[in-house]
Amino acid sequence: MAVSFHHLVVDAHDLPALARFWCQVLDWRVLFEAEDEIVIGSDAHALPGLCFVPVAERKTVKNRLHIDLTPDDQAAEVERILTLGARRADVGQGEDVSWVVLADPEGNEFCVLRPKKSLVD
């Protein structure tokens with residue numbers, strides 16, 4: 001039996017705002033929107049996507065799962081994402097790492113890596 005990574009589900013307090021933020025970061029679009037779910041992606045047939053679902057509580061601890069982004073220009077991309085509403089985050093990464101940790105508007109951590117050519121680069 002084959003299986004594919006369909007989408008990553010993100011708990012959200014403000015679904016539309018968080019979906020818009022990630023659409024801007026990834027240059028994706030909203031593919032489906034209802035009161036209890038918003039799905040974004042590059043195309044309805046291009047996996048994976050992100051699915052935002054409502055929760056009443058706000059995030060309180062470090063994520064156990066996070067997104068890694070790999071841009072062509074790390075510094076430029078970090079600055080662009082900061083202007084979209086992200087903030088720098090300290091999760092104990094230290095100062096000598098090759099990635100930058102940011103948090104989205106609801107505090108979900110993600111990393112902007114140096115440019116990469118493969119999953120093991």
Side-chain angles (χ1 to χ4, degrees):
M1 178 191 305
V3 66
S4 297
F5 181 11
H6 184 70
H7 59 226
L8 179 68
V9 178
V10 179
D11 291 349
H13 186 71
D14 183 342
L15 277 66
L18 202 55
R20 279 193 309 273
F21 170 81
W22 281 102
C23 279
Q24 291 176 308
V25 168
L26 298 169
D27 194 24
W28 284 3
R29 60 190 175 94
V30 172
L31 302 173
F32 174 80
E33 185 168 357
E35 187 175 313
D36 62 348
E37 178 183 49
I38 297 177
V39 176
I40 69 170
S42 62
D43 180 87
H45 302 286
L47 301 178
L50 291 175
C51 177
F52 301 90
V53 297
V55 295
E57 67 278 358
R58 296 201 183 270
K59 182 180 172 303
T60 58
V61 298
K62 178 183 171 290
N63 292 17
R64 292 196 56 171
L65 178 76
H66 69 266
I67 296 170
D68 283 346
L69 305 173
T70 181
D72 292 334
D73 181 332
Q74 183 187 46
E77 193 60 20
V78 166
E79 291 308 311
R80 183 185 76 85
I81 295 171
L82 288 170
T83 66
L84 296 174
R87 61 179 169 70
R88 292 183 182 274
D90 183 354
V91 294
Q93 68 269 22
E95 295 182 20
D96 60 342
V97 297
S98 63
W99 61 88
V100 177
V101 181
L102 300 177
D104 72 16
E106 291 201 10
N108 300 301
E109 299 92 3
F110 62 97
C111 295
V112 182
L113 309 176
R114 62 177 171 75
K116 293 192 173 273
K117 301 290 184 216
S118 74
L119 288 173
V120 295
D121 178 19

At their closest point, which heavy atom of D11 faces which heavy atom of L18, and how far apart are they?
-> O-CD2, 4.5 Å
Are E77 and V100 close enough, and set up right, to give a side chain to side chain contact (heavy atoms under 4.5 Å, CB included), and what steps lead you there?
-> CA-CA 10 Å; E77 193 60 20; V100 177; over 6 Å; no
State whether the side chain of Q74 and the backbone N or O of S98 hold a donor-acceptor pair below 3.5 Å, judged by distance alone.
-> yes
Verify side chain to side chain contact (heavy atoms under 4.5 Å, CB included) between W22 and I40, making sure each step is shown before the conclusion.
-> CA-CA 8 Å; W22 281 102; I40 69 170; 3.7 Å; yes
Under 3.5 Å donor-acceptor, E109 side chain and K62 backbone = no
Ignoring hydrogens and angles, tell me if any N or O in the side chain of K59 forms a donor-acceptor pair with the backbone of G107 under 3.5 Å.
-> yes
What closest approach, in Å, do R87 and L82 show between heavy atoms, and which atom pair accounts for it?
-> CA-CD2, 3.8 Å
Near D27 CG, under 6.0 Å, is it more than 12 heavy atoms from other residues, nucleotides or ligands?
-> no
Return the minimal non-hydrogen interatomic distance between A34 and I38, and the atom names on each side.
-> O-CG1, 4.2 Å
Any chance you could measure L8, atom CG, to F52, atom CZ, to the nearest 0.5 Å?
-> 8.5 Å
Would a 4.5 Å heavy-atom cut-off, applied to side chains only, mark L69 and L102 as touching?
-> no
Measure from the side-chain N and O atoms of T70 to the backbone N and O of V112, and report whether any donor-acceptor pair falls under 3.5 Å.
-> no
Side chain to side chain contact (heavy atoms under 4.5 Å, CB included) assessment of D43 paired with R29 | CA-CA 8 Å; D43 180 87; R29 60 190 175 94; 4.0 Å; yes
Distance-minimising heavy-atom pair for H66 and C111 | NE2-SG, 3.6 Å
Could you tell me whether the side chain of C51 reaches within less than 4.5 Å of the side chain of V9, counting heavy atoms only?
-> yes
Taking a hydrophobic cluster as the set of Ile, Leu, Val, Met, Phe, Trp and Tyr residues connected by side-chain heavy atoms closer than 4.5 Å, whether directly or through intermediates, do L65 and V39 fall within one such cluster?
-> no
Atom of R88, atom of V78 and distance for their closest heavy-atom approach = NH2-CG1, 3.7 Å
Heavy atoms, side chains only, cut-off 4.5 Å: are H6 and L47 in contact?
-> yes
First locate atom CG of D104, then atom CG of N63, and finally report the distance between them rounded to the nearest 0.5 Å.
-> 8.0 Å
Is the closest side-chain heavy-atom distance between L84 and R20 below 4.5 Å?
-> no
Please report the shortest heavy-atom distance between P54 and E35, naming the atom on each side.
-> CG-O, 4.5 Å
Sort out for me which residue in V25, V30, L31, L26 forms a side chain to side chain contact (heavy atoms under 4.5 Å, CB included) with W28.
-> L26
